[in-house]
> 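My structure is below; once you've seen it, I'll send some questions.
Scope of the values below: all heavy atoms of this structure, side chains included, with no hydrogens, waters or symmetry mates. Positions are given from 1, in the same order as the sequence printed here. What you are looking at is a predicted structure, and each value in this text was computed from that prediction instead of being measured.
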Amino acid sequence: MQHIHLDRNKSILEDPTNAHNRWHPDIEAVAWVEPGETFKLDVRDGFDVQVTPESTSESVAGFDFDSNHPMTGPVGVKGAEPGDLLVVDVIDVDAVGFGSTLFIEGFGVLGDIFVEPHLVRWFMKDGYATSPDLPGVTLKGHAFLGLIGVAPSRDLLEAATRREGAVVDGGGAALLPSAHSAAPPGEPVASEGLRTIPPRENGGNMDCLQMGPGARVYIPVLVPGALLSVGDTHYAQGDGEACATAIECGSVATLRVDVIKKTDARFAPRTVMYEYTQPAAEKARKYVCTTGLPILEDGSLAELDIRQAARNAVAEMIDYLAATRGYTRGQGYALISVAADMRLTEAVDFPSPMVSVALPLDVFDDPPTTLL
């Protein structure tokens, strides 16, 4: 099995081998895999190795947040072409033994209230995490990759830069392209590359805890080879990631990829879709999920507009049900209302929160064996 290695104990700025921290279509693949192939990747923690067991709340204030979210990859998938769908099966995420949760002023949904830096160090053992900084708490591990995405097309690169720039021009908050602490450091990637903070049409930093082992993620292919990258392992997280960080840690991830050709797909999602199985006392339930970002019909961005993200996620599910089950839009809308769960998947990635609509497949008398 192919294993893409990197040194998880070194910052990406010290050793950028097999890694990057900006989205750009010109970043070359570090490895190539065949459709149907399973492979492993070493993954740095989302803070780029800046937190150690000796770190303190005071020390996190001086972090370089421009180097955050180091991604492993890109991994090229042979035969994947724009218009296809990349299928990523998450087989395993083996987390390392130390993790951290931190926030500073401006982080999370209450970033205007919690203005003092705060750090919680976690130590993982035998499937659980405990912390001397949060005594009396034991968390069961559910490791997943907070960041899964493919390279943006040139069109998406320009559109995302334009709409996020408009947010800043209007007095809002967004991280625009910056060469500071960019990896790889060369032009034009460093000066043009999209930052990793918000999810976009190519996936990215979705922080979706349902995308753990056993999940299947569908991502629209935007460039030849898809150019898949992953990062930002979370050992445990609540839906929405309220303070903007989970238990951040490194890992070894095992993935399998496949390609659905555009000529074979019954539905072409505009944003990421995923499926997962929710264990239950009576039986396990499998779900199909669409996602929505706060992008308006004219291509502009409604900054931090969760309702717009929810509207797009619902509209995407309606279109999916029409394409795959033959329902009218009215039927799909009603089914979503009575059977689907709307989840605030990501509330803190300015300027683009993400909402998921999760529909259990057992509501159908004849549940589908393939989703797309």
> Distance from Lys125 atom NZ to Thr138 atom OG1, nearest 0.5 Å?
12.5 Å
> Can you tell me how far the CD atom of Glu201 sits from the CG atom of Leu156, to the nearest 0.5 Å?
5.0 Å
> Are Gln308 and Asn312 linked by a side-chain donor-acceptor pair shorter than 3.5 Å?
yes
> Donor-acceptor check, side chain of Glu192 to backbone of Val189, threshold 3.5 angstrom: yes or no?
no
> For the residue pair Thr233 and Ser251, confirm or rule out a side-chain donor-acceptor distance under 3.5 Å.
yes
> Side chain to side chain contact (heavy atoms under 4.5 Å, CB included) between Asp42 and Thr72: does it pass, once the steps are laid out?
CA-CA 7 Å; Asp42 295 337; Thr72 306; 5.5 Å; no
> I need the minimum non-hydrogen distance between Leu102 and Phe63, along with the two atoms involved.
CD2-CE2, 3.6 Å
> Any side-chain donor-acceptor pair under 3.5 Å between Tyr274 and Ser356?
yes
> Spell out, yes or no, whether Val96 and Tyr128 are grouped together once hydrophobic residues are joined by side-chain heavy atoms under 4.5 Å, including indirect joins.
no
> Got a sec, which residues hit side-chain hydrogen bond (donor to acceptor under 3.5 Å, both in side chains) with Asp45, two or more places apart in sequence or on another chain?
none
> When rounded to the nearest 0.5 angstrom, what distance separates OG in Ser55 from CG in Leu119?
6.0 Å
> Which side-chain N or O atoms in residues 213-221 pair as donor and acceptor under 3.5 Å with protein atoms at least two apart or in another chain?
| unit_1 | atom_1 | unit_2 | atom_2 | d |
| --- | --- | --- | --- | --- |
| Arg216 | NE | Asp89 | OD1 | 2.6 |
| Arg216 | NH2 | Asp89 | OD1 | 3.4 |
| Arg216 | NH2 | Asp89 | OD2 | 3.1 |
| Tyr218 | OH | Glu275 | OE2 | 2.5 |

> Atom NE2 of His180 and atom CG of Leu13: how far apart are they, to the nearest 0.5 Å?
8.5 Å
> Is it true that Asn205 and Asp349 share a donor-acceptor pair across their side chains at a distance under 3.5 Å?
yes
> Any ion pair linking Asp232 and Arg44 (charged N to carboxylate O, less than 4.0 Å)?
no
> Is it true that a side-chain atom of Asp48 and a backbone atom of Ile12 form a donor plus acceptor pair closer than 3.5 Å?
yes
> Among side-chain atoms of His118 and Asp133, is any donor-acceptor pair under 3.5 angstrom?
no
> Check whether the side chains of Trp122 and Thr101 place a donor and an acceptor atom closer than 3.5 Å, and report yes or no.
yes
> Do Ser153 and Asp155 have side-chain N/O donor and acceptor atoms under 3.5 Å apart?
no
> Any side-chain donor-acceptor pair under 3.5 Å between Thr277 and Lys286?
no
